[in-house]
Amino acid sequence: MADLDGLKDGKDFGIGIPVKEKPFFLKGSNHLDWGMQSRLSRLFNPKSGRTVMLAFDHGYFQGPTTGLERIDLTIAPLMPYADVLMCTRGALRQTVDPTLGKPIALRASAGQSILTELSNEFISVEIEEAIRLNASCLAAQIYIGAKYEHNSIKNVSKLINEGMRYGIPTLAVTGVGGDMVRDARYFGLATRIAAEIGSHYVKTYYVEEGFEQVVNGCPIPLVIAGGKKIPELDALTMAFKGIDQGAAGVDMGRNIFQSESPLAMIQAVNAVVHELMTPEKAYQMFQDLKSDLTRA
Ligand code: R5P
């Protein structure tokens with residue numbers, strides 16, 4: 001039986017001190033449930049409000065592309081430097097050390113390859129599996145303007161509906177249909193649709209003209225993909241411009257793991273994203289780290 005002797009009545013109720021109601025740090029996320037906000041706080045650094053997602057999910061339709069032939073050898077050493085790991089459940093179980101404690105953006109769609117129509121995806125991961133894997137978010141492509149646009153919106157909606165039941169956010173990944181022009185108008189349309197259907201954040205691409213309009217027309221956080229491999233200074237410049245114009249981080253793959261020095265590159269990207277380090281300084285940091293690593 002509970003010991004009821006000596007119970008003391010509470011005295012200090014802080015009368016006159018209002019309860020502090022702190023707004024949540026990510027845009028469009030203030031009214032989400034505690035579990036959602038907790039997972040989003042793992043995906044985005046609450047201090048900077050931003051994230052460096054290391055994307056290595058490409059194999060789900062590209063197979064063993066350059067830099068991902070042996071994820072255990074090439075990507076595993078980079079993982080400690082990322083805020084989030086974006087991967088398939090296969091790569092997760094095969095190559096990610098669970099003791100690392102990194103939040104996982106789980107690729108939850110599949111259904112096509114580089115040999116077929118890219119927009120023809122389905123949801124390949126059950127919500128119970130995502131929970132079993134302790135995923136911090138679920139990700140699938142939204143292919144606006146592509147052949148299977150309708151189905152891709154259904155896919156992302158399914159993730160949102162299932163994720164909402166368990167407090168797991170959904171990342172909508174804008175996949176560009178073959179005939180679409182990659183401009184602010186297109187990404188403005190795609191990211192806004194992603195937000196309106198209830199996604200919690202969205203991955204898009206940086207565009208030189210009108211990126212701020214894309215950011216401001218999208219009421220949820222937006223992260224930019226790296227895209228095809230470009231010279232390191234150009235990739236750091238793109239990341240800087242994206243962040244400076246309001247992106248909440250990067251979801252970067254090839255421009256890190258196909259870099260001359262992936263370990264140096266991920267640290268330089270980190271400095272741009274979280275400290276808004278200028279591209280020139282970040283490139284110098286990349287060069288310095290690269291030569292240190294070569295000497296070691
Ligand atoms: C596409 O395969 C995935 O969504 C990638 O995770 C995304 O495109 C980011 O990778 P990258 O920076 O190589 O474009």
Side-chain angles (χ1 to χ4, degrees), residues 43 51-69 71 74-75 78-79 81-92 96 102-121 123-125 135-144 146 152 155-156 159 170-178 180 182 187 190-191 194 199 201-207 222-232 234-239 241-243 247-259 262 265-266 268-270 272-273:
L43 295 160
T51 186
V52 174
M53 299 177 63
L54 175 62
F56 53 99
D57 58 324
H58 307 59
Y60 90 98
F61 71 101
Q62 290 186 31
T65 192
T66 309
L68 296 183
E69 300 89 338
I71 293 174
T74 56
I75 303 298
L78 308 177
M79 293 177 190
Y81 298 94
D83 296 312
V84 179
L85 307 176
M86 177 162 176
C87 61
T88 61
R89 62 174 157 179
L92 182 64
V96 180
K102 291 285 172 183
I104 304 300
L106 188 66
R107 161 62 61 186
S109 60
Q112 84 297 51
S113 78
I114 42 171
L115 307 178
T116 55
E117 166 58 43
L118 287 185
S119 65
N120 195 7
E121 289 198 338
I123 293 304
S124 58
V125 178
S136 290
C137 101
L138 301 160
Q141 238 80 348
I142 182 167
Y143 274 106
I144 298 305
S152 74
N155 289 341
V156 174
L159 292 185
T170 293
L171 165 63
V173 178
T174 58
V176 185
M180 305 309 298
R182 289 175 173 238
F187 290 119
T191 57
S199 308
Y201 72 113
V202 59
K203 186 215 83 173
T204 185
Y205 291 88
Y206 177 73
V207 285
L222 181 157
V223 294
I224 53 171
K228 282 185 190 144
K229 172 77 178 74
I230 52 178
E232 277 77 2
D234 296 350
L236 293 167
T237 303
M238 176 177 70
K241 286 183 182 170
I243 299 296
V250 296
D251 178 27
M252 196 175 269
R254 289 162 288 179
N255 276 293
I256 292 175
F257 63 70
Q258 293 177 353
S259 164
M265 188 60 179
I266 193 166
V269 169
N270 216 294
V272 169
V273 169

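First listed ligand is number 1; within each ligand, the first listed atom is number 1.
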Does a side-chain heavy-atom distance below 4.5 Å link Val173 with Arg107? yes

Identify, by atom number and element, the atoms of ligand 1 in contact range of Val173, meaning under 4.0 Å from any of its heavy atoms. 4 (O)

Apply side-chain contact (heavy atoms from CB on, under 4.5 Å) to the pair Val272 and Val269, showing each step before the final yes or no. CA-CA 5 Å; Val272 169; Val269 169; 5.7 Å; no

Below 4.0 Å from ligand 1: does a non-hydrogen atom of Arg107 turn up there or not? yes

Could you list which atoms of ligand 1 come closer than 4.0 Å to a heavy atom of Met252? 12 (O)

Looking only at protein heavy atoms, which one is nearest to atom 10 (O) of ligand 1, and how far off is it? His58 NE2, 3.1 Å

Shortest protein heavy-atom distance from atom 5 (C) of ligand 1, along with the residue and atom involved: Asp57 OD1, 3.3 Å

What I want to know is whether Tyr60 and ligand 1 share at least one N or O pair that is separated by under 3.5 angstrom. no

Quick one: does ligand 1 sit under 4.0 Å from the side chain of Lys203, the backbone, both or neither, non-hydrogen atoms only? side chain

Would a 4.5 Å heavy-atom cut-off, applied to side chains only, mark Tyr60 and Glu121 as touching? yes

Run the side-chain contact (heavy atoms from CB on, under 4.5 Å) test on Met86 and Lys203 for me, step by step, so that the C-alpha distance in whole Å, both residues' side-chain angles and the decisive distance to 0.1 Å come before the verdict. CA-CA 12 Å; Met86 177 162 176; Lys203 186 215 83 173; 5.9 Å; no

Sub-4.0 Å heavy-atom approach of Asn255 to ligand 1: no

Answer yes or no: does an N/O atom from Gly253 fall short of 3.5 Å to an N/O atom of ligand 1? yes

Is it true that Gln258 and Thr66 share a donor-acceptor pair across their side chains at a distance under 3.5 Å? no

Before signing off on this row, confirm whether Phe61 and ligand 1 have an N or O atom pair separated by under 3.5 Å. no

Element-labelled atoms of ligand 1 that are located less than 4.0 Å from some non-hydrogen atom of Asp251: 6 (O), 9 (C), 12 (O)

Find all atoms of ligand 1 within a distance of less than 4.0 Å from any non-hydrogen atom belonging to Arg254, and give their numbers and elements. 11 (P), 12 (O), 13 (O), 14 (O)

Any N/O of Ala55 closer than 3.5 Å to an N/O of ligand 1? no

Residues in salt bridge (charged side-chain N to carboxylate O under 4.0 Å, His left out) with Lys102, at least two apart? none

Could you please spell out the steps behind the side-chain contact (heavy atoms from CB on, under 4.5 Å) verdict for Asn155 and Tyr143? CA-CA 10 Å; Asn155 289 341; Tyr143 274 106; over 6 Å; no

Going by heavy atoms in the side chains, are Leu43 and Tyr201 under 4.5 Å from each other? yes

Heavy atoms, side chains only, cut-off 4.5 Å: are Phe257 and Thr74 in contact? no

When only distance counts, is Gln62 in polar contact with ligand 1, meaning an N/O pair under 3.5 Å? no

